[in-house]
Number of protein chains: 2
Amino acid sequence: MSLWPLFNPASVAVVGASATPGKAGDAMMRSLAGLPGRLHPVNPRGGHIAGLRAYPSVTGIPESVDLAVLVVPPAAVPAALEECGQAGVRAAVICAGGFAESGAAGIELQERVRAIARAHGIRVLGPNTSGFMNPSAGVAANFLPGVSELRPGPAAFVAQSGGVNLALSFLAAAEGLGLRLGVGLGNAVDVGFHHVLDHLADDEGCRVVGLHVEGVTEGRALCEAVDRLSARKPVVALKVGRADVGDFARSHTGALTGDYALTRAALAQAGAVVADDPTELVDAMRALAARRVRPRARPGIGLVTGQAGPGLIIADTLRGSGVSLPELADATTRRLGELLPPLTYQRNPVDTGRPAETFADVVAAVAADPGVAALVIHALDEPGALDPVAAVKAVPDTLPVLYASGGPAPILDTRGQELSALGVPLFRSPDRAARAARALITDATTRHRLSRTAEGSDGAALAADVRPRPSHSPVGGGGGGASGEAADAGDRAPDEYGAKAVLAAAGIRVPEGRACADREQAGRALLELGGPVVVKILDASVTHKSDHGGVRTGVRTQDDLGVALDALDGLAARLRIRPRYLVERQAPPGPELIVGGLRDPAFGPVVLLALGGVGVELAPDPILRLAPLSRADAEEMAGSLPAPLLAGYRGAPPVDVDAVADVLLAAAAILTSRTDIAELDINPLRLTPEGPVALDALIVGGRQSSRKDTDD
Amino acid sequence: MSLWPLFNPASVAVVGASATPGKAGDAMMRSLAGLPGRLHPVNPRGGHIAGLRAYPSVTGIPESVDLAVLVVPPAAVPAALEECGQAGVRAAVICAGGFAESGAAGIELQERVRAIARAHGIRVLGPNTSGFMNPSAGVAANFLPGVSELRPGPAAFVAQSGGVNLALSFLAAAEGLGLRLGVGLGNAVDVGFHHVLDHLADDEGCRVVGLHVEGVTEGRALCEAVDRLSARKPVVALKVGRADVGDFARSHTGALTGDYALTRAALAQAGAVVADDPTELVDAMRALAARRVRPRARPGIGLVTGQAGPGLIIADTLRGSGVSLPELADATTRRLGELLPPLTYQRNPVDTGRPAETFADVVAAVAADPGVAALVIHALDEPGALDPVAAVKAVPDTLPVLYASGGPAPILDTRGQELSALGVPLFRSPDRAARAARALITDATTRHRLSRTAEGSDGAALAADVRPRPSHSPVGGGGGGASGEAADAGDRAPDEYGAKAVLAAAGIRVPEGRACADREQAGRALLELGGPVVVKILDASVTHKSDHGGVRTGVRTQDDLGVALDALDGLAARLRIRPRYLVERQAPPGPELIVGGLRDPAFGPVVLLALGGVGVELAPDPILRLAPLSRADAEEMAGSLPAPLLAGYRGAPPVDVDAVADVLLAAAAILTSRTDIAELDINPLRLTPEGPVALDALIVGGRQSSRKDTDD
C-alpha cells in the first residue's frame, strides 16, 4: 500500500491540536501552518485553533482526510486511531511515546494500535516519533519548531529516531543540502525502513538517502530494501551501537558477531556506504548527491592543492583508508611540467605552490588523466590569485569534484553557492572533504561488486558459485557407513566426522580420515592412511577437544597410536563417554583461519571469516556477510584479511583468495540449503599448500524458524 | 632570545612589497595595512606603495625595524637578510619556498640563511611559510587575503605548514573560536616548535594551543616543550602521516615503531590531547578553551538529552572510546524521579523526553551529582519548550559544559553567542560534541598522570622507580664469571647470556641458567638446575634461534640433553660457529609479551610493549613511550594491553600490571643509563605465576650520538 497519502497528503487532521503555547499540539499546528492542502484541527472542545475550525472528532470533518497526525497521550491513541479508521483516514502519524519501548503495558498498547491500523488499512508512522518533513510538498508534520524552515532538496533521511531525523535534517541544511523527505520511524508499528526505502526508490526527486539504524528486528528486510534502493541512488548508513563491541569481543568463535559489526557489514554488502558518524553521513551525502563515481574495482582520486599542508592531510586520510591516488599518466605529467614551476610536487597530489593564473589549467590537466575517477581540490580562498569557479568549470560535467577551502565565512558562503550551482560541494575542512571523497570511492567500488554479482557468469545462481574441488571425503575410506549420520542434523549436533561429511559434500576439503568404533579399527585406519595421523576423541558432546587433551598429533607407529588411544580412553572415562576415535591424515602446516556460520534472529544466515589459531580474542574483528554470498562478496571477504597474512605470513605463501572464497561460498550454501543447521564452525581452516583444509568442524543442529531464511 | 619582536613588532618592513595586484608582495602589504605600528615597504624601485614611501633597502629606513617580512624570491633572500642584519632588524619572516624542501641547492641556500641569521642574531620564521597572524596585536604578517579578518581570541596554532596554520585558523574562526596567534613554521631554519611553545606558555592571553606536526627531527625538544606548556594550558595536537602505518606494520619487533604512532604516543605522554583530524582538533580546543575538567583518574561525563536518539549517538561515541558515563548517585536519581515523567531513561544519559519547564532543574540535578566531572547537553532547539541559556545557568561556573543542538542556522548562531558568553561552546552535531567531551576527559586523565609523575613518591627519580624483584640471575649459579661480558656492550652485541645479565642487573627476572662452553658443562648445568631445562645455541650472531632450530625445550634427562646438543651442534656446523650452549630452567607457561627499547633519531630512547608469541604482525599496534618513564607512564602502558589479555586470557590469571610496569621501567632505565646500548629486545617476556620472565633477550650495542639522550 502506497505511502503517498502519508507523505503527500492533500488534507491533514491534527488530533490533539492545541492553542496553548509550548504544547506539542500547538507546535504541530504551527509546523503545518504552511500546508498547501487543507488542515483540520481536532480537539474535543471544538472552537477555533490557529484560525481554523476545530472538530471534536476526525469523524466530524466534512471531507476525506489523507493523514491524521495524533498528538494525544498514549492511552488516547487507540480510540483516536479507531475514529480515524471510521472516518476513512488513509495514514496516521502517532507522536506519543509510552508504547513498546516502555514495558509490558506499552507493548500491549502498541499491539492494539497495530490491530486497529490493520483492520482499517491505515498506514501508521510511529508511535514514539516527532513525525516527518516533506518540504517540497509543504508538509512539516513534526512538532519541533523550525522544521517548516527546512528547504527542499535531494536528500532523504530515514532515521530510527525522530530526534536523529531532525538532527540530520538540520545538519544537512546547515551544509546547504536540502531535504526531500525526513522520516523518524519511532517504534515502527507499521511503516518500517523497507517501506520508506521502497517509496524513495520510486521518488525521482530523491537523489540520495541517509539511514540511521539503532537496532532492527527485520534486518534482512532492511538489507533487501537497501539492495533495491542502492541500485537506483546512493545510500549512506549510520549504525549506532559501537559500544556493544565490548561484549562482542568477549564472545567466542561462532558467536563472534556483534549487532554493530554485523549490521554495518550487512548494510555495506547490500550497497550502502557506511558512515562513522552524523557529520560523515551528511558530508558523504553531499558528495554523492552531486555526482557519483562510475563503478569500477579501484577508482583513483586526483588531488590538486594550492597549499601542500592541507593537501597532505587529505592525501593521508585517503591513503590511510586504502583509497588510491594513482600516478598520473605521462601526458598529464608533461602538461603539468609546462604549467607549474619546477620545484612543486607534480605527481598526485599535484601541488601548485601559491596558486597562479594557471590553476584552472592544472585542474583541467589532472581531470583529463585517464586514471582519475574523481577530483578533490583544496585551495584556501585567495581572490586575485585563484578563481574557484573558473577552476571547477575546467572539469568535465561528468567528473565528480569536491572542493575544499578555508577563508572568512561570508566569502566561503558565497563560494559554496557558486560551486553548488556547478554541481560541486564545498567543504570547509580538509578532513571532511577527504572523508566525503572516500565515500564516493566506496560507493563506486560497492556498485562494481554488486554489478559483478548481477552478471550471470559470476553469481546469478548461488549453487553455481560453489565449485567443488577434489576433496578427500571422510566417507570415502574404510570407515564406511558414517555418511548417513550427517544427512540431517535435526535437533542434535553431529559429531566431527558427520560435520566434516557435510562440509565435504559442499566441496570443502577435509583431511582423509576414519571414524573408528574401537582400537582395532583405529589400528587399521593408521595402516590405511599411513603416518603421521591425528587421533581425536570422537563425540559430539566434546566441543573443545584440544583443551581437554582430546587431540593427539604426530602419531606415526602402532606404538604411538597405543599411547594416544590410552590417553583418549582416559579422557573418555573422565567424561563418562564411550570412547570412539577419529583417525585422520595429518595436514601440512600453514596459517589458520576460522570460517563460521550462524543464523541471526534479525538478519538470517551469516557467514564469518576470522583469524584462527591462538589469539582469536586479540585478533582484528571478524569479517561478516549475510548468506547467500555472491562470488564477489566472498572474494571481498577473503581479500579483507590482514595484509601481512594475505601477502604470505612468516614464510607461508600468499593466501589463495579464490580458494578461501570457495570455502566461504560453500559454507554459505550449507547455511542456506540446510535449514536444519543452526550453526557451523570450521576452526581451524588451515591454508596448506594443497589448499584450505577444514581441520576441525562443528555443526549445531536445531531448526530455527526465521521468516526470511527458511523455505520449509 | 625572545620572540616578542617577531610576533609583536612595533615596526615592520615588507621586503619585496609590490603594488601589482595578485603578487604576494601586494597581498602582504594589504594584510599588514591595519598594523598599529609603522609599516615600511621596501622595493628597489622606491616610490610609493599602498600610500607609503617605499625604501630601496631596509638599511635606508630611518628608524629601527623590529620585523622584516621577506616576500622576495629564494635567491634574493640571503642578500636581503644580510641587509636586515646590517640595519639591526630583530626578526624576519621568510615566505619564499625553494630551500631545504627542494634538494641540494636549496639546502645550501638554507644553510646560508641560517648563518646570516645567527651572525646578526635575527630570529627567523620560515623559510617556506605564508607567515603568522597575531590579531590582538593587529599583526597579520601573512600573504593570504582574508587573514586580517581573523578576530582575536584565546586559541594559538603552531603548524608545521603555513597552509595548515591558515586552514586551522579559519576553521576555528568559523566555529567562533578566536585567534591569539597563528604560526606556520615552514622549514624552521631558526624558530621551531619548542621556541613558539615556550613563548605561548608565558603569554597570558593564550588559553589553548593547537599543534600540527608533519615530521620532526627534534622530537625530544618538541615533547619537552609540550610538557612545559601543557602544565600551564591545554595543548591539542594533530599528527599527519597515518599512511606510514603500512610500512610500520611490515617492520619487526624492535623496529615496530612508526613515525606516526611514535609521535602521537610521545605527544600524549608529554601532555597533549591527540586529535585525529583538523575538525576534532578545533572542537577539542573550543571545549578546552572554555573550561578544563579537574585532573583525576577516571572522570565521568553526565549526559542530559532532550531527544534520546542523538543522546544515544553521544553516549555510544563516548563509551566506545572508553569514557565513563557513571551511574548517578541515589540523591540525584531521587531528584530526577521528581522532575521527570516515569517512562524516561533517568540513569546516565538522562533523557527528559520532550523537554519541559523542568529541563533546567534536570540539568542542575545532574550537574550536582558527585560523579559528574563534566556535562554534555543535547537538545534540539525548541523555543517555548526549552531555554538553553537558563539550562546552562543552572550549572555551577566551575563545571565544564558542552551544549549540542540542531535547528535553523540563524537561531543556532544566536544560541552559540549566548552560550559562548556563559563559557559554554555550542556544537552542531552530536558526534562533534562527543569527540570534544572525550578530549576534555583525555586532558583531565593526562594531567592526573602527569601530576602523579610530579609527586616525589612516585617518580621523581627514575632509578627509584625500578624496584628490583627477587630474580634468578644467570650469573648466580655455577656458570660463574660471565657477568663481566655484559658490563659494556660497546659496539658489539652481547650474546643472550650477557644480555640477560644486563636485564637481571636492572631487576628484570630471567630464567636461572648457565652459559656452557662444552657438552660437559651443559651436563653439569642440567644436574644443577634439574629438569626440565631449555637448551639453546649461545651465539650473539644467531638472532632468530627458534626459526633455526636453535632452541630445545623439555630436556629432562642426560639422554634428552645429548639429543638436544647433537641438534645444536649440527646447527652450529651449518652456521660455521663454535658451539656454545645456554642451559636454562624451563619457565612455566603463560601469555607472552614483547618489551623493546631503541633510540629514535628524533625522539631518543623509546620503550615498546607489544603482544608476543605468534601473530605479532596481526596483533594491535605496539604501545610506545619515550624513556625515561614515570611509574604512571609504565602503568598506563601495561594497562593499555588488550582487555581480554588483561582480564585473564584463556584460563591465564589476570595480568599483573604492576609487575609488567616494573619491567618497562627497568627497560627504560637500561636505555637511559646505558648509552652504549642501541637496542634492547625482550621477546618473549612470559607472564608466569611467579611474575614476568624474560625468556629471550637481545641487546644491540653501538653508541648512537643523540644530542638529547646522552650525557657523555
Side-chain angles (χ1 to χ4, degrees), chain A residues 21-22 24 97-98 102 144-146 149 159 161-164 166-167 170-171 173-174 214 240-243 249-250 277-279 307-310 312-313 316 319-320 343 353-354 380-385 406-409 411 428-432 611 613-615 617-619 642 644-645 649, chain B residues 21-22 24 97-98 102 144-146 149 159 161-164 166-167 170-171 174 214 240-243 245 249-250 277-279 307-310 312-313 316 319-320 343 353-354 380-385 406-409 411 428-432 611 613-615 617-619 642 644-645 649:
Chain A
S102 65
L144 195 90
E149 293 179 37
S161 144
V164 172
L166 290 160
F170 282 119
L171 197 55
E214 289 181 354
V240 181
R242 186 183 285 112
R250 282 189 289 279
D277 55 56
T279 302
Q307 295 80 24
L312 194 58
I313 291 173
D316 191 34
R319 290 216 177 101
L343 291 177
R354 184 162 181 269
L380 297 169
D381 204 70
E382 202 161 355
I411 298 182
R428 295 177 193 222
S429 76
D431 50 312
R432 292 178 65 176
L611 300 189
V614 295
E617 293 90 341
L618 305 177
L645 181 66
Y649 174 57
Chain B
S102 66
L144 195 89
E149 294 180 36
S161 143
V164 172
L166 290 160
F170 282 120
L171 196 55
E214 289 179 353
V240 182
R242 185 181 285 111
V245 173
R250 281 192 290 278
D277 55 56
T279 302
Q307 295 81 23
L312 194 59
I313 291 173
D316 191 35
R319 290 216 176 100
L343 291 177
R354 184 164 181 267
L380 297 170
D381 204 70
E382 204 160 353
I411 297 182
R428 295 177 192 223
S429 76
D431 50 313
R432 291 179 64 176
L611 299 188
V614 295
E617 292 89 340
L618 304 175
L645 180 66
Y649 174 57

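Chain identifiers are assigned alphabetically (A, B, ...) following the order of the sequence lines, protein sequences preceding nucleic acid strands; residue numbering begins at 1 within each chain.
- Heavy atoms closer than 4.5 Å to chain A are found in both the backbone and the side chain of Pro278(B).
- Among the candidates Gly384(B), Ala174(B), Ser102(B), the residue making the largest number of heavy-atom pairs closer than 4.5 Å to chain A is Ser102(B).
- Of all the listed residues (Gly309(B), Pro408(B), Gly22(B)), the one sharing the greatest number of non-hydrogen pairs under 4.5 Å with chain A is Pro408(B).
- Leu380(A) approaches Gly163(B) most closely through the heavy-atom pair CD1-O, 3.8 Å.
- For Ala159(A), no part sits under 4.5 Å from any heavy atom of chain B, backbone or side chain.
- Taking 4.5 Å as the limit, some side-chain heavy atom of Val164(A) sits within range of a side-chain heavy atom of Ile313(B).
- Taking CZ from Arg428(A) and OG1 from Thr279(B), the interatomic distance works out to 12.5 Å, rounded to the nearest 0.5 Å.
- For Glu149(A), the part lying under 4.5 angstrom from a heavy atom of chain B is the side chain only.
- Ranked by heavy-atom pairs shorter than 4.5 Å toward chain A, the options Gly97(B), Pro21(B), Gly407(B), Ser429(B) are led by Gly407(B).
- At a threshold of 4.5 Å between non-hydrogen side-chain atoms, the residues Glu214(A) and Leu312(B) count as touching.
- Heavy atoms of Pro430(A) lying under 4.5 Å from chain B belong exclusively to its side chain.
- Interface remark: Ala167(A) contributes backbone and side-chain atoms alike to the contact with chain B (heavy atom separation under 4.5 Å).
- Separation of atoms CZ (Phe170(A)) and CG (Asp381(B)) is listed at 8.5 Å; rounding is to 0.5 Å.
- The residue among Gln307(B), Arg354(B), Arg432(B) with the most heavy atom pairs within less than 4.5 Å of chain A is Arg354(B).
- Two residues are said to be in side-chain contact when any heavy atoms from C-beta on lie closer than 4.5 Å; Pro310(A) and Ser161(B) meet this criterion.
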